[in-house]
Protein chains: 2
Amino acid sequence: METKRDNTEEKILEAAKNVFVTKGMDGARMQEIADEAGINKALLHYYFRSKERLFEAIFGEIIKFAFPKITGIISSDEPVTTKIEQIIDAYTSLLINHPFIPAFILKELNRDPSGIFKLITKYGFKPESVWGKLEEAMDKGEIVRMDPRHLIINIVSMCVFPFAARPILNYVIFKENKEALAAFYAERADVVKQFVINALVVRK
Amino acid sequence: METKRDNTEEKILEAAKNVFVTKGMDGARMQEIADEAGINKALLHYYFRSKERLFEAIFGEIIKFAFPKITGIISSDEPVTTKIEQIIDAYTSLLINHPFIPAFILKELNRDPSGIFKLITKYGFKPESVWGKLEEAMDKGEIVRMDPRHLIINIVSMCVFPFAARPILNYVIFKENKEALAAFYAERADVVKQFVINALVVRK
DNA sequence: ACACGATTTAACCAATTAGTTAAACCAACA
DNA sequence: TGTTGGTTTAACTAATTGGTTAAATCGTGT
């Protein structure tokens, strides 16, 4: 029966995601994943032959989610300020729904950079195409002139970092007030958009 | 002889920092730390009784470095835009000299948040004092009105994230060109300062 | 010559953990 | 009723790893 299989496979992936995200590849224990999925270790290995494979299943799924969204927006024909706003919206809504992604990626980034590198290129993220479009807009005087790489990094930083540092916001700023933190994240997209657009206004 | 002791202790701490930063607490191996320090495991335990103690020695040192710099700047009497510029300068120069700090802290943040929480409060970082100063400046019309928490998060994000995501910049943007990456980080403070100041200009 | 602390060598222990195996169990289904 | 595939149980292995120990070595200052 397929439904049964799908169900436990889903349970395993969900459990593994939780454990891998908080503990990382090295800190995660197969036993703990099995427990969290409500099954036993033998069955866990029956579905995913090894820890490595299970990890890759999760990791691939996450990367597939995290990167390509932006590519579509960039290649569109909207004016550059609209594109920037769309990118901020896309990033933020993605991360509100999957807040664990940044911490997870940053955690595994040092452990095995080549793995991430492969996946990024595989899903075809081409940064060069972005610089061009931004420089055009600067030439036309639509936005202030600056190094487009710094601009992109600024935008991505403001979108991603608050999620990567979630525990810090949670403890230091919001004193573990869940609702206040959620409200903060909900405002985030609009605030960042306004901030960036304001920073890009051309002044004489 | 003290110099000998200091020397190896220094070597151990340096090696441990490298290994802990890239591998994390769980991924780090005492043998690897010993190898990297050019000594053997027995001597490593002779200096730091356990992995836990060694980790705490490193971790405490890093936190002591990372947080208190800002407190001094905030309590000064400079105008708020000057303070912001000083904070950006302080953060960036700290991270250029210790680029591993963000990845390290973020990595251990999920593993044991209470540990970091303790250290932050111990070194007396009081965020509330910041909101007040910023809101004053907004009331006086010196900077544009916005939620001061978002403003701080924006600034810190732009300062810290590019270092946390260093491998991504290195691979995806700079194709492992070390000098280009270093040059990028060197420009960073000025770019961020200009970006923030521009974003904070009050328009009618 | 002696003492002392730093350092090495090499063997060892105990705990943890990924992964395996084999037998039994159970529910659905043909 | 018998088969089949998902599932459990429980015991096991092989490797890794943190930590220990004891004896030997080396350098330096007395």
Side-chain angles (χ1 to χ4, degrees), chain A residues 1-62 104 107-108 110-112 114-115, chain B residues 1-62 104 107-108 110-112 114-115:
Chain A
M1 190 175 247
E2 280 302 308
T3 59
K4 216 171 180 181
R5 170 149 219 150
D6 290 357
N7 195 14
T8 42
E9 192 163 331
E10 209 34 64
K11 277 193 323 195
I12 291 175
L13 287 170
E14 184 63 28
K17 205 174 63 184
N18 289 338
V19 177
F20 277 133
V21 163
T22 53
K23 307 290 177 76
M25 168 66 170
D26 296 314
R29 299 285 158 248
M30 292 299 268
Q31 186 60 60
E32 194 183 345
I33 294 173
D35 290 346
E36 185 132 339
I39 57 163
N40 53 340
K41 214 177 47 159
L43 191 62
L44 180 57
H45 279 92
Y46 176 75
Y47 274 85
F48 297 87
R49 224 180 247 43
S50 70
K51 190 182 183 184
E52 197 69 30
R53 289 205 190 188
L54 181 54
F55 182 78
E56 277 161 17
I58 305 274
F59 196 80
E61 198 184 77
I62 287 176
F104 182 72
K107 189 178 298 192
E108 302 306 324
N110 296 289
R111 210 180 54 88
D112 180 19
S114 63
Chain B
M1 192 175 245
E2 281 302 311
T3 58
K4 215 173 181 180
R5 170 150 218 148
D6 290 357
N7 196 14
T8 41
E9 193 163 330
E10 209 36 64
K11 276 194 322 196
I12 291 176
L13 286 171
E14 184 62 29
K17 206 174 63 184
N18 289 337
V19 177
F20 276 134
V21 163
T22 53
K23 307 290 176 79
M25 169 66 168
D26 295 315
R29 299 284 159 251
M30 293 298 268
Q31 186 59 60
E32 194 183 345
I33 294 173
D35 290 346
E36 184 132 341
I39 58 165
N40 52 341
K41 214 176 48 159
L43 191 62
L44 180 57
H45 280 92
Y46 175 75
Y47 275 85
F48 296 86
R49 223 178 243 50
S50 70
K51 191 182 183 183
E52 196 69 30
R53 289 206 191 188
L54 181 54
F55 182 79
E56 278 162 16
I58 305 275
F59 196 81
E61 198 184 77
I62 287 176
F104 183 71
K107 188 177 300 191
E108 301 306 324
N110 296 289
R111 213 180 53 89
D112 180 18
S114 64

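Chain letters run A, B, ... following the sequence lines, proteins first, then strands; residues in each count from 1. All values below come from the heavy atoms of this structure, side chains included, with hydrogens, waters and symmetry mates left out.
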For B/K51, salt bridge (Lys or Arg N to Asp or Glu O under 4.0 Å) partners two or more places apart: none
Taking the basic N atoms (NZ, or NE/NH1/NH2) and the acidic carboxylate oxygens, is any pair closer than 4.0 Å for A/K11 and A/E14? no
Any ring pair (Phe, Tyr, Trp, His ring centres under 6.0 Å) pairs touching residues 24-45 of chain B, not counting sequence neighbours? none
Run the side-chain contact (heavy atoms from CB on, under 4.5 Å) check on A/V21 and B/N110 step by step: do they pass? CA-CA 8 Å; A/V21 163; B/N110 296 289; 5.7 Å; no
Hey, does the side chain of A/R29 come within less than 4.0 Å of C/dA18's phosphate (OP1/OP2), counting only N and O? yes
Excluding sequence neighbours, so at least two apart, what forms side-chain contact (heavy atoms from CB on, under 4.5 Å) with A/R49? A/R53
Is any side-chain N or O of B/T8 closer than 4.0 Å to OP1 or OP2 of C/dA6? no
Set of residues satisfying side-chain contact (heavy atoms from CB on, under 4.5 Å) with respect to B/D26, sequence neighbours excluded: A/D26, B/R111
Between the opening five pairs and the closing five pairs of the helix from C/dA1-D/dT30 to C/dA24-D/dT7, how far apart are the helix axes, to 10°? 10°
Is there side-chain contact between B/E108 and B/F55, with heavy atoms separated by less than 4.5 Å? yes
OP1 or OP2 of C/dA18 less than 4.0 angstrom from a side-chain nitrogen or oxygen of A/S50, does that happen here? no
Any side-chain N or O of A/Y47 less than 4.0 Å from the OP1 or OP2 oxygen of D/dT7? yes
Given B/F48, which of B/I58, B/I33, B/L13 fulfils the side chain to side chain contact (heavy atoms under 4.5 Å, CB included) condition? B/L13
Are there any protein N/O atoms within less than 3.5 Å of an N/O atom in nucleotides 8-13 of chain D, and if so, which ones and at what distance?
from	atom 1	to	atom 2	distance (Å)
D/dT8	OP2	A/N40	OD1	2.7

Base, sugar-phosphate or nothing for A/A28? Non-hydrogen atoms, less than 4.0 Å. sugar-phosphate
With a 4.0 Å limit, can you tell me whether B/Y46 has a side-chain N or O closer than that to the phosphate oxygens OP1/OP2 of C/dT7? no
